[in-house]
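One structure is given here, and the rest of the page talks about it.
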Amino acid sequence: MSNQPTKMWSGRFREPLDRTFEQWQRSFPFDWRLLPQEVAASKAHAQTIAAAGILTPDELAKTLEGLTQVAQRPLNWAHRISATSGEPDYETSNQQIEAAIVASAPQAEDIHHYVELELTREIGALALKLHTGRSRNEQIATDMRLFVRDSIDLTLSGLHRWLSALLTLAESAGDAVMPSYTHLQRAEPVLIAHWLLAYVSMIERDLSRFIGARTRMNFCPLGSGAVAGATLALDRTIAARALAFTAPTPNSMDATSDRDFMLDFAQAASTLGLHISRFAEEITLYATAEFGFVDLPEAFSTGSSAMPQKKNPDLTELARGKSARLLGSATALATLIKGLPLAYNKDLQEGQEQIFDIADTLAGLLSVLPNFTRALKFRFDPMQTAATTGYLNAMAAATYLSNKGLPFRKAHEVIGNAVRLGLERNLELNALPLADLQQLSDYFAQDFFDAISLRSTLDCHNVIGGTAAHRVAEALAQAKDRIAHLSIPSTAEHPDA
Ligand code: ARG
């Protein structure tokens, strides 16, 4: 269409745009990533306006076919790229597609404009009917919801894989023990499985946050128009259904300017990032010579160019660092939305790259964490030694005295004295002679030594959520059951694309 204006809005303008401004305000160099979402939403809109009599059945068929072609073109490039450069390398071909698609349409202002231009190349003037009854404001709101929804679904399946890896690791640790820490000082012995299940709990909360975000966001803005609602009496349920949304959004002003779903996603991602960074920090620490609790898998570590002896925990360090990006993006989004008057404002375009970065960061993290976790090797002996030296059974010892009838406050005091005695003689509590203990309290008897054995020290935590061996076995079985029955929404394929 040689006489098609190069802009979607040039009618009322007489002066050309400043060239630098024109380039600067374009979003196509990054929003090209929304191509699958834009095509799916456009197909849904085509069905809606066909039902309203704007497109004949034949025009609808042509439009849908044309849109399929537009969506497929970059895939054809990918095939061509991999055919010329041998094995398709995911990263490289993605970057090449990016470069190719952006260079292919220097006049495209954004993804909406790009699809319109490309569709016009495919099906001619008919393409220009597609914009009947819609606005880019509702389109971008829809595209971003679809993108976030896909990204949530990918995240959920990644989290599922990571949870399975943690559970496998917990299972293989059996009854092996480690010290727990408070204030990063040795506290009480716990089962390694119990420690791992702490992360399972965190990640299960993350899962529920993502699922909650998905449920809240799953409403379709199409039909909201630019701000006040479509100017045609469209049946909005058609598009909502075609795109697997629960229902149309209830208010056009909110729908075109709402980015809560992006914030929700970003905040869920930040919290997940915090959990990942805590896990990463613990592994980094436990892999030091000072702790010596875990051997880093070589396949996931790097060496030093200077110090030949080094095996560095780059994976956990980077994972810890990625949480900064996630938090940064969530903060950027919140700041972007703060104080924006209703309804659409161009500021919102700035939020897209934050979401893309979050999606890529999560996808990257979850592509390495499950296999890394499965490959971790615990050094059980030093862990057990650390769990059994340093008076980690002192609380169990005080409990022994209080079970005998001494008020706990008193018992605490007596065991404190016993620890002091042990420190002076360089002996653990179980190595102190009974006679010496009895100097401190009459309540000590021979059964004291059983009561402070490693097994008893663990098993006295016999409560739901405690580290007693059978409680941990129960918790592990329940977690496995929950994870096995998790229902992960499966999209990332557009129902209508
Ligand atoms: N590229 C724009 C964005 O990301 C699309 C919406 C443009 N709407 C407008 N009224 N200029 O927000």
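Start at 1 and go down the list; that is how both ligands and their atoms are numbered. None of these values were measured; they are calculated from a predicted model. These numbers come from the heavy atoms of this one structure, side chains and all, not from hydrogens, waters or symmetry mates.
- A donor-acceptor contact closer than 3.5 angstrom links the side chains of E38 and H112.
- For the 3.5 Å distance criterion, the side chains of T68 and K43 qualify, holding a donor opposite an acceptor.
- Nearest protein heavy-atom neighbour of atom 7 (C) of ligand 1: Y344 OH, 3.5 Å.
- Looking at Q352 against ligand 1, only its side chain comes within 4.0 Å, counting heavy atoms.
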How far apart are the C-alpha atoms of L156 and H160, what are their side-chain angles, what is the distance that settles it, and do they pass the side chain to side chain contact (heavy atoms under 4.5 Å, CB included) test? CA-CA 6 Å; L156 292 174; H160 187 256; over 6 Å; no
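- Near S27, meaning under 4.0 Å from any of its heavy atoms, are these atoms of ligand 1: 1 (N).
- Distance from atom 11 (N) of ligand 1 to its nearest protein heavy atom, with residue and atom name: R136 NH2, 3.6 Å.
- For the residue pair R73 and S104, no side-chain donor N or O sits within less than 3.5 Å of a side-chain acceptor on the partner.
- Note: no N/O pair closer than 3.5 Å links K346 and ligand 1 by distance alone.
- Distance alone, capped at 3.5 Å, is enough to place a donor-acceptor pair between the E138 side chain and the G223 backbone.
- When non-hydrogen atoms are compared, ligand 1 lies under 4.0 Å from the side chain of H112 (C-beta onward) but not from its backbone.
- Heavy atoms of I140 found under 4.0 angstrom from ligand 1 belong exclusively to the side chain.
- Using a 3.5 Å distance cut-off with no hydrogens or angles, the side chains of T256 and S224 do not pair a donor with an acceptor.
- The protein atom (non-hydrogen) at minimum distance from atom 9 (C) of ligand 1 is N137 OD1, 3.4 Å.
- Judged by distance alone, with hydrogens and angles left aside, the side-chain atoms of T48 form a donor-acceptor pair with the main-chain N or O of A44 at under 3.5 Å.
- Of the protein's non-hydrogen atoms, Q349 OE1, 3.3 Å is the one closest to atom 2 (C) of ligand 1.
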